[in-house]
Amino acid sequence: MTTLTYRGKNYVQNKEAVKKQLVELTYRRNVYTNRMDDASSSNEKAELNYRGVNYTK
């Protein structure tokens with residue numbers, strides 16, 4: 001069992017830690033930039049509302 005501290009008080013965790021399989025993440029710049037370009041081009045004439053005031057971007 002593991003002793004944990006929360007706000008200065010110690011307690012014992014009742015559950016065992018679960019062993020999970022690691023997942024390796026990859027960054028694909030071209031996918032990210034393509035999605036950003038698609039989102040910005042589709043929202044050129046976006047109608048926005050801020051605190052009850054409507055305006056277009």
Side-chain angles (χ1 to χ4, degrees):
M1 297 291 171
T2 304
T3 303
L4 303 170
T5 304
Y6 178 72
R7 293 188 175 185
K9 296 185 179 182
N10 294 329
Y11 65 96
V12 178
Q13 185 175 4
N14 296 328
K15 296 187 246 177
E16 289 292 328
V18 178
K19 301 256 182 193
K20 292 185 179 180
Q21 197 172 26
L22 297 177
V23 176
E24 186 175 335
L25 301 177
T26 59
Y27 173 73
R28 295 188 179 119
R29 179 183 174 92
N30 58 347
V31 173
Y32 178 76
T33 54
N34 289 342
R35 288 183 182 172
M36 291 293 289
D37 291 341
D38 291 343
S40 64
S41 66
S42 65
N43 289 333
E44 285 182 14
K45 297 273 182 164
E47 293 183 16
L48 305 171
N49 183 334
Y50 179 72
R51 294 187 178 181
V53 177
N54 293 323
Y55 61 96
T56 56
K57 180 180 174 186

Show me the donor-acceptor pairs, under 3.5 Å and distance only, between side chains in residues 26-34 and residues at least two apart or in other chains.
from, atom 1, to, atom 2, distance (Å)
T33, OG1, R29, O, 3.1
T33, OG1, N30, O, 3.2
N34, ND2, N30, O, 3.1

(request) Not counting sequence neighbours, which residues clear side chain to side chain contact (heavy atoms under 4.5 Å, CB included) with Y50? List them please. (result) Y55
(request) If you link ILVMFWY side chains whenever their heavy atoms are less than 4.5 Å apart, which other residues fall into the same cluster as V23? By chain and number, please. (result) L25
(message) N49: which residues meet the side chain to side chain contact (heavy atoms under 4.5 Å, CB included) condition with it, sequence neighbours left out?
(response) N54
(request) Quick one: name the residues clustered hydrophobically with Y6, using the 4.5 Å side-chain heavy-atom rule over I, L, V, M, F, W, Y, and just say none if it's on its own. (result) L4, Y11
